[in-house]
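A quick note: this is a predicted structure, and the numbers were derived from the prediction, not measured. FYI, side chains are in, hydrogens and waters are out, and symmetry mates aren't considered; it's all heavy atoms of this structure. To find a chain, count down the sequence lines: A is the first, B the second, and so on, and within it residues start at 1.
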2 protein chains.
Amino acid sequence: MDIRHLRYFVTVADHGSITRAAEELGMEQPPLSQQIKQLEQKLGVALFERQTRGVKLTEIGATLLPRARTILDLQAQFLVTAHGLARGELGHIRLGLAGAVPLLPLIPLAIRRFRESAPDVTLSLEESNTPALCAALHDHSTDLAIIRPPVPDPTRLSVFHLLDEPTVIALPRGHRLAHQPVISLDMVAKDPLIIFPRELGPGFHDAILSAYQLAGVTPPLGQQAPQIAGTVPLVAAGLGVSVVPRSLSQIHAGGVTFHTLSEPAPRATLAVAIRSSQNMPLVSRFVKILRTACRKWENMSLEDQFPAADV
Amino acid sequence: MDIRHLRYFVTVADHGSITRAAEELGMEQPPLSQQIKQLEQKLGVALFERQTRGVKLTEIGATLLPRARTILDLQAQFLVTAHGLARGELGHIRLGLAGAVPLLPLIPLAIRRFRESAPDVTLSLEESNTPALCAALHDHSTDLAIIRPPVPDPTRLSVFHLLDEPTVIALPRGHRLAHQPVISLDMVAKDPLIIFPRELGPGFHDAILSAYQLAGVTPPLGQQAPQIAGTVPLVAAGLGVSVVPRSLSQIHAGGVTFHTLSEPAPRATLAVAIRSSQNMPLVSRFVKILRTACRKWENMSLEDQFPAADV
DNA sequence: ATTATCCATATCCTATAAATATGGTACATG
DNA sequence: CATGTACCATATTTATAGGATATGGATAAT
C-alpha cells in the first residue's frame, strides 16, 4: 500500500465520484478507478459501493476513512516539519552559557534577535562553566555554548571567537584606592585576590594570574568564589579584590567600585562552540547572529555597549 | 514522498548502515542509496551523515525519525484494521432491541456467543421500540435491530424472521381465574386490557387486538403501559389483564400469574432488521448466529428454553 | 602496502502508474 | 419508448521510476 492510494481513497470519498476526484487529482478517471480497485484488493475489503451515479462509501470504508485522513495529515506535517527544519524555522535549541555571560547585554540581545528571526524555535538556556559546557556539547545535551576559551578538548568541536572583553578590578567600599579611576596590578599586590576555581574557567583563570605575573607581583590568594560572578559579593564583604570582566561592573553590590586596569591587564575572551558535526541551519544561524552582533558591539561607544537602563 | 521512503529511512537509521538495511529490506545497496538520496532531496535536508564506516543520523534526521516511525505504525495499523474488518474480527456494532426482547434468554445467549466468536468487537445495546429502531437503522445510528414486525417502511431495510413466540395472559393476584392453567380470551372479555401504545409496536399491538376480535369479544381498554414490559406492574396493581410474550412470564412482580392462551391467541413475532446496503461481515455474522440460535431454540423443550436459573 | 568494507555512480531492465480509446449501465428527457 | 447523458469498468499502450548488476572511490584494518 502506498500513500498515494490513501490520497486517492480520501479524495474519492470526499467527492463521492471517481470522475470528479480524478479531476481534482489532475488525472484521468480510468487509472483512478484501477487504483481504487487495487487498494480494495490489497485490503481485502470493498471501500466503495458502485452506484449508477457516483460511488458511495461502504460501512467499512467509512470506518477506514478517518484513519486514512490522519495518516495523510501526519505525512503532510512530516513534510512541513522537514522543510521548516531545512530552513531553520523550527525546532529546539539548547544554549549553554559560561559564567557571567548573561551580564553582557550583547548576549540577551542576540538571543532576542534570533527569536525574532525564528519565532517557532524554542530555546532553553543553561548557565554553567566552560569545561562542563564542552562536555555537554560532546554528549549532545547542549547544541551551542558560549564559553571562555580555550576549550579543554577541541576535537569534534568548532570554536568561533566572539570578543575580547576588557577586565576591571573590583575594590571593596572604603578601599584605599577607591577613588583612583585607573589602577595597575602592582598597586594591589598585597590585597588578597578573590578568584574562582580554575576548573570553572581555566582560560580566564590563567589570564588573570599571568597578568599578575607580567606585572611582576604575586598576590595572596583569598577565598575562592563559587563562580565567576560570585567574586563580587566576596569583594563587597571586604575579603579582598577581584579582577572581573567589565560587564560585571553592572553589579553594584555593597558599594563595590570598579576601576580600569592599566596594562598588563587580562582580557576576558568569549567564544561560541558547537559540535563540528553540527549542521542544523538553526545553529548556524545563531552563530552568525552572534558574530555579527559582536562585530557591531566592538565598534560601539561604552555608553552604547552598556545602555543606561542596564548600568 | 512515499511510505516506502519512510520505511527505508527508518531501517537505515536503525542499522546505521545502508548495506545492512538493504539486506533487511531484501534489496541491494545501490537502489537503497539512491532512494535515501532522493528522500533527502525531496525534503531538502540531509538525514544522514555519510561516514567511512556506515552512516549516522544528522540532528535533523534524529528529529524526523520518530515522526517517520509513527507514520509507519499508523500505516501498519491501518492494514491490520482493514484486514480485521474484512474478516469481521473487529469493529463496533450497535444493536437495537425492541421492547421486552432482552427477557427472552435466547437473545443474551446469542450476544454472548457472538462475543466469543469475535472478542475484539465492541458492542453497544439500546432498548427502544420498533418504529424508532427502524428510523435508527435508516439514519445509521444503529447497525442491527431486533424488532417486532412489520416494519413501517421496509425500503432499504432487510428483515429476517427470527421466531414466533407464544403469548400468555397475565392476571393479577386473586383474580377469579388465577387457578385456571389455560384461559381463552372470551373468559376475560370484561377485564380491562392493559396494553402499550400502538406506536411502540404496531405489529404486536394489532396482533393482540385482532385475536380478541377473532374470539368475538371487545375488551374495555385499561390504562396504557409506557412500554411492552411495562404492562406487568399495572396488572399487578389490579388495573386489568394483559397479553404478553411468554418470555415476560419471567417477571414475578406482585403475584401476577401467567396463563396459557387457547386459540385464537396472538403470536409475538421477532425479526432482525439491517440496512440492505449493509455488507459488514460483522453484521452478517451476527444475523447468522441469531438465526441458527433461533432454529435450535424452537426445537427445544420449554424447560430448556427457559433454564431453571432464569425462571 | 594490501585487503576489506561501505557508499556512490552508471547503465540496463522490469514493473507499474497514467493516458487513450472504448464499452456497458442506469437515469433523465423529449 | 427511444435517445442522450453521466459515470464506472475494461483493454491497450506509453512513460516513468524503482530495482539489479557492474564498477569506482575512499577509508580503516591487517
Side-chain angles (χ1 to χ4, degrees), chain A residues 1-58 60-61 65 68 72 75 79 155-156 276-277 279, chain B residues 1-58 60-61 65 68 72 75 79 155-156 276-277 279:
Chain A
M1 192 188 66
D2 197 28
I3 281 199
R4 186 177 352 104
H5 292 290
L6 294 183
R7 184 176 319 283
Y8 293 171
F9 170 38
V10 171
T11 308
V12 172
D14 285 344
H15 288 76
S17 154
I18 297 185
T19 305
R20 294 193 189 168
E23 286 176 24
E24 167 123 358
L25 291 168
M27 63 191 290
E28 299 301 316
Q29 169 262 319
L32 185 54
S33 279
Q34 287 193 355
Q35 292 301 320
I36 294 292
K37 193 178 179 182
Q38 282 183 25
L39 178 60
E40 287 177 323
Q41 285 181 353
K42 185 88 75 181
L43 297 180
V45 292
L47 298 173
F48 295 101
E49 183 182 343
R50 272 68 172 178
Q51 294 177 325
T52 57
R53 192 58 57 97
V55 295
K56 212 187 71 181
L57 274 174
T58 62
I60 292 183
L65 180 61
L72 285 177
Q75 187 245 16
L79 289 176
T155 59
R156 308 215 135 269
S276 306
S277 63
N279 59 349
Chain B
M1 191 189 63
D2 198 26
I3 281 199
R4 187 178 348 104
H5 293 289
L6 295 182
R7 185 177 318 285
Y8 292 170
F9 170 37
V10 170
T11 310
V12 171
D14 286 343
H15 288 76
S17 154
I18 296 185
T19 304
R20 294 195 190 168
E23 287 177 23
E24 167 124 359
L25 291 167
M27 61 192 290
E28 299 301 317
Q29 170 262 321
L32 184 55
S33 281
Q34 288 192 354
Q35 293 301 322
I36 294 292
K37 193 177 179 183
Q38 282 183 25
L39 177 60
E40 287 176 324
Q41 285 180 353
K42 186 91 71 179
L43 297 181
V45 290
L47 297 174
F48 295 101
E49 183 182 343
R50 273 68 170 177
Q51 293 176 325
T52 58
R53 192 55 58 96
V55 295
K56 213 187 70 179
L57 275 173
T58 61
I60 291 182
L65 180 61
L72 285 177
Q75 187 245 13
L79 288 176
T155 59
R156 308 213 132 271
S276 307
S277 63
N279 59 350

Requested in this report: May I ask you to decide if Phe48(A)'s main-chain N or O and Glu40(A)'s side chain share a donor-acceptor pair within less than 3.5 Å?
Outcome: yes
Query - Main-chain N/O of Gln51(B) paired to Arg53(B) side chain as donor or acceptor, under 3.5 Å - result: no
So which nucleotide from [options] ends up closest to the side chain of [X]?
{"X": "Arg50(A)", "options": "dC7(C), dC8(D), dA17(C)", "result": "dC8(D)"}
{"X": "Pro30(A)", "options": "dA9(D), dA20(D), dA18(C)", "result": "dA9(D)"}
{"X": "Val55(B)", "options": "dA10(C), dC7(C), dA21(C)", "result": "dC7(C)"}
{"X": "Ser33(B)", "options": "dC7(C), dA18(C), dA20(D)", "result": "dC7(C)"}
{"X": "Tyr8(A)", "options": "dA18(C), dC27(C), dA9(D)", "result": "dA18(C)"}
{"X": "Gln38(A)", "options": "dA17(C), dA19(C), dT21(D)", "result": "dA17(C)"}

Query raised in the report: Once you round to the nearest 0.5 Å, how far does NZ of Lys37(B) lie from CZ of Arg50(B)?
Result: 8.5 Å
Query - Between CG on residue Leu6(B) and CG on residue Leu65(B), distance to nearest 0.5 Å - result: 10.0 Å
Query raised in the report: Within the modelled atom types, does a donor on one side and an acceptor on the other bring the side chain of Gln29(A) and the base of dA9(D) under 3.5 Å apart?
Result: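 Yes, a donor-acceptor pair under 3.5 Å.
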Query - base_contact_polar (dA26(C) base, Gln51(A) side chain, donor-acceptor, <3.5 Å) - result: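 Flag unset: no donor-acceptor pair detected.
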Query raised in the report: If only side-chain N and O atoms of Gln35(B) are considered, is one of them under 4.0 Å from the OP1 or OP2 phosphate oxygen of dG19(D)?
Result: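 Yes.
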Query raised in the report: So does Lys37(A) get a side-chain nitrogen or oxygen closer than 4.0 Å to the phosphate oxygens (OP1/OP2) of dT10(D)?
Result: yes
Would you kindly give the [atom1]-to-[atom2] distance between [X] and [N], to the nearest whole Å?
{"X": "Glu49(B)", "N": "dA8(C)", "atom1": "CD", "atom2": "C1'", "value": "17 Å"}
{"X": "Arg7(B)", "N": "dG18(D)", "atom1": "CZ", "atom2": "P", "value": "15 Å"}
{"X": "Met27(A)", "N": "dT20(C)", "atom1": "CE", "atom2": "P", "value": "12 Å"}
{"X": "Leu32(A)", "N": "dT20(C)", "atom1": "CG", "atom2": "P", "value": "15 Å"}
{"X": "Gln41(A)", "N": "dA17(C)", "atom1": "CD", "atom2": "P", "value": "12 Å"}
{"X": "Ile36(A)", "N": "dC8(D)", "atom1": "CD1", "atom2": "P", "value": "11 Å"}
{"X": "Glu28(A)", "N": "dA6(D)", "atom1": "CD", "atom2": "P", "value": "16 Å"}
{"X": "Gln34(B)", "N": "dC13(C)", "atom1": "CD", "atom2": "C1'", "value": "14 Å"}

**Report entry** Lys42(A) side chain reached by Gln38(A) side chain, heavy atoms, under 4.5 Å
**Finding:**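 When only atoms from C-beta onward are counted, Lys42(A) and Gln38(A) do not touch, as no gap falls below 4.5 Å.
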**Report entry** Min side-chain heavy-atom separation His15(B)-Glu23(B) under 4.5 Å
**Finding:** no
Query - Sole residue of Leu47(A), Thr19(A), Ile18(A), Ile36(A) in side chain to side chain contact (heavy atoms under 4.5 Å, CB included) with Val55(A) - result: Ile18(A)
Report task. Can you sort out which residues in residues 13-24 of chain A have a heavy atom within less than 4.0 Å of DNA chain D? Ascending by number, please. Result -> Ser17(A), Ile18(A), Thr19(A), Arg20(A)
Report task. Find which nucleotide of DNA chain C each of Arg53(A) and Arg4(A) is nearest to by heavy atoms, and output the residue with the more 5' nucleotide. Result -> Arg4(A)
Report summary line: All heavy atoms of Ala68(B) vs all of Phe9(B), minimum pair found to be CB-CD2, 3.8 Å
